[in-house]
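Shown next, in structure tokens, is the structure this report addresses.
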Amino acid sequence: MDRPADLAQLNAAVRDAVATAPVSDIHTHLFYPSHGGLLLWGVDELLTYHYLAAELFTVAPRDLTPERFRVLPRSDRADLVWKHLFLDRPPLSEACRGVVTTLNALGLDVAGRSLAPIRKWFADQNAETFLPKAFQIAKVDYAVMTNNPFSLEEAAFWKQNLGACELLKPALRVDALLTNWPAAAKAMTATGYPAGVAADAAGLESARKFLADWAGILKPVYLAASLGPDWAYPAGAGTKVLDEAIVPTARAFGLPLALMIGARRGVNPALGEAGDGVGTADVNALANLCRRHADVKFIATVLARGNQHELCVVARKFANLHVEGCWWFCNNPSIIEETTRMRLEMLGTAFTAQHSDARVADQVIYKWSHTRAVLADVLARAFGDLFTAGWRPDVEDIRRAARSLLGGAFEEFCRK
Ligand code: HDL
Ligand code: ZN
């Protein structure tokens, strides 16, 4: 068995392992190419990503308001982002650098700073071939989608039973049941699952049937919901729906429930989907949930940097909890490094280092390239410390560790 003889060989082995390990991307907003415009891809979608829209308004002239921006054709919006965030100032933010990384990895002349030839190249692509191309560059073996049965548009695509794509796996997203029961009840009632404005016994029975039927349609990898920083359990508002509809569905289908905690929705409604913020959550609510439903598996990530340490500690207390990803405002190299070091120190390799949260297919290229660069440094340091302590890892040990952090631990958790 290959065994690095010194720190230099060890360092090289770790970097090679991280660079070559296939990634299973366990949270994205990608869609089957057969689901039409739901799948976003291409340079104009990249440039009008809501992270960049938010950054645009931090520097744009006052008369470029979100209201005016929103109604422009997408290419005009992309031109404005390109001008203000790439030409008028260096694209140093993570989301801007991501566009540069992505276009460069696709072999396009991003240094030339002209969108015209880049748009021309994309015009010759199509979703069916571009998606696998992006996954191949990023070394992603599959990605988990976010599938919302409460979205009439998305539900209609699923009802047509269109072509699937083996690169993508469904996830059943249930936020509406927890954060907007009246809207969820309306959508369920409209599709044959009668539910009133209160989550009463009849409504919860409908919710269980709705979830069971959609679990049958989607065959999801997990159920998922994002929760605000004020989520409380068992004292909170969504407890009845969790305990009597969502968790029973997870249990019945043997599926994990993935919770993403800390998104403060609509901090600035004028920005639309770019208008959400972050808040420090009560991670003890998650501990209460894991304790009360010890036979159900939970996957969790938090949005506030300040919650990451507590989440690690809770994950050490509950075998039915798996920690994953540096979500959204934590998906920045400085926080990925700090968070991943802390998780390694407290959880070993029993966590998932990252998810891309990609909304645009092209983004898997930069989100994974940037994460691998940070993970290589963090893992090289951790293995170096282990070597110095006296352990002699094999190359296979190192490869197994890298894969564990990039999807292996998640798959092991789902199997156990
Ligand atoms: O709720 C979520 O899944 C979040 O990831 C939101 O989609 C958010 O807008 C986002 O795209 N974050 O990266
Ligand atoms: Zn997301």
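Read the numbers this way: they start at 1 and go in the same order the structure lists the ligands and their atoms.
Side-chain atoms of Asn126 and Thr129 include a donor-acceptor pair closer than 3.5 Å. For the residue pair His322 and Thr352, a side-chain donor N or O sits within less than 3.5 Å of a side-chain acceptor on the partner. No donor-acceptor contact under 3.5 angstrom links the side chains of Asn331 and Glu94, judged on distance only.
Considering only residues two or more places apart in sequence or on other chains, Arg251 meets the side-chain hydrogen bond (donor to acceptor under 3.5 Å, both in side chains) condition with His293, Asp295.
Ring planes of Trp41 and Phe122: tilted class, angle from 30 to 60°. Under the 30°/60° scheme for interplanar angles, the aromatic rings of Tyr233 and Trp231 are found to be tilted.
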Distance dump, ligand 1 polar atoms to protein, N/O, under 3.5 Å:
{"unit_1": "ligand 1", "atom_1": "1 (O)", "unit_2": "Arg173", "atom_2": "NH2", "d": "2.7"}
{"unit_1": "ligand 1", "atom_1": "1 (O)", "unit_2": "Arg265", "atom_2": "NH2", "d": "2.8"}
{"unit_1": "ligand 1", "atom_1": "3 (O)", "unit_2": "His27", "atom_2": "NE2", "d": "3.2"}
{"unit_1": "ligand 1", "atom_1": "3 (O)", "unit_2": "His29", "atom_2": "NE2", "d": "3.1"}
{"unit_1": "ligand 1", "atom_1": "3 (O)", "unit_2": "Arg173", "atom_2": "NH1", "d": "3.1"}
{"unit_1": "ligand 1", "atom_1": "3 (O)", "unit_2": "Arg173", "atom_2": "NH2", "d": "3.3"}
{"unit_1": "ligand 1", "atom_1": "5 (O)", "unit_2": "His29", "atom_2": "NE2", "d": "3.4"}
{"unit_1": "ligand 1", "atom_1": "5 (O)", "unit_2": "Trp327", "atom_2": "NE1", "d": "3.0"}
{"unit_1": "ligand 1", "atom_1": "5 (O)", "unit_2": "Asp357", "atom_2": "OD1", "d": "3.1"}
{"unit_1": "ligand 1", "atom_1": "5 (O)", "unit_2": "Asp357", "atom_2": "OD2", "d": "2.7"}
{"unit_1": "ligand 1", "atom_1": "7 (O)", "unit_2": "His29", "atom_2": "NE2", "d": "3.1"}
{"unit_1": "ligand 1", "atom_1": "7 (O)", "unit_2": "Arg359", "atom_2": "NH2", "d": "2.8"}
{"unit_1": "ligand 1", "atom_1": "9 (O)", "unit_2": "His50", "atom_2": "NE2", "d": "2.9"}
{"unit_1": "ligand 1", "atom_1": "9 (O)", "unit_2": "Arg359", "atom_2": "NH2", "d": "3.2"}
{"unit_1": "ligand 1", "atom_1": "11 (O)", "unit_2": "His50", "atom_2": "NE2", "d": "3.3"}
{"unit_1": "ligand 1", "atom_1": "11 (O)", "unit_2": "Arg359", "atom_2": "NE", "d": "2.6"}
{"unit_1": "ligand 1", "atom_1": "12 (N)", "unit_2": "Tyr51", "atom_2": "OH", "d": "3.4"}
{"unit_1": "ligand 1", "atom_1": "12 (N)", "unit_2": "Asp357", "atom_2": "OD2", "d": "2.9"}
{"unit_1": "ligand 1", "atom_1": "13 (O)", "unit_2": "Tyr51", "atom_2": "OH", "d": "2.4"}
{"unit_1": "ligand 1", "atom_1": "13 (O)", "unit_2": "Asp357", "atom_2": "OD2", "d": "2.5"}

Discussion item. Walk me through whether Phe57 and Phe69 qualify under ring pair (Phe, Tyr, Trp, His ring centres under 6.0 Å).
Written reply: CA-CA 10 Å; Phe57 297 121; Phe69 180 77; 5.4 Å; yes

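For the Zn ion (ligand 2), the set of protein N/O/S atoms nearer than 2.8 Å consists of His27 NE2, His29 NE2, Asp357 OD1, ordered by chain and number.
Listed by first and then second residue, the ring pair (Phe, Tyr, Trp, His ring centres under 6.0 Å) pairs that reach into residues 175-204 are Tyr193-Phe210, sequence neighbours excluded.
A salt bridge does not link Asp25 to Lys367: none of the charged nitrogens lies less than 4.0 Å from a carboxylate oxygen.
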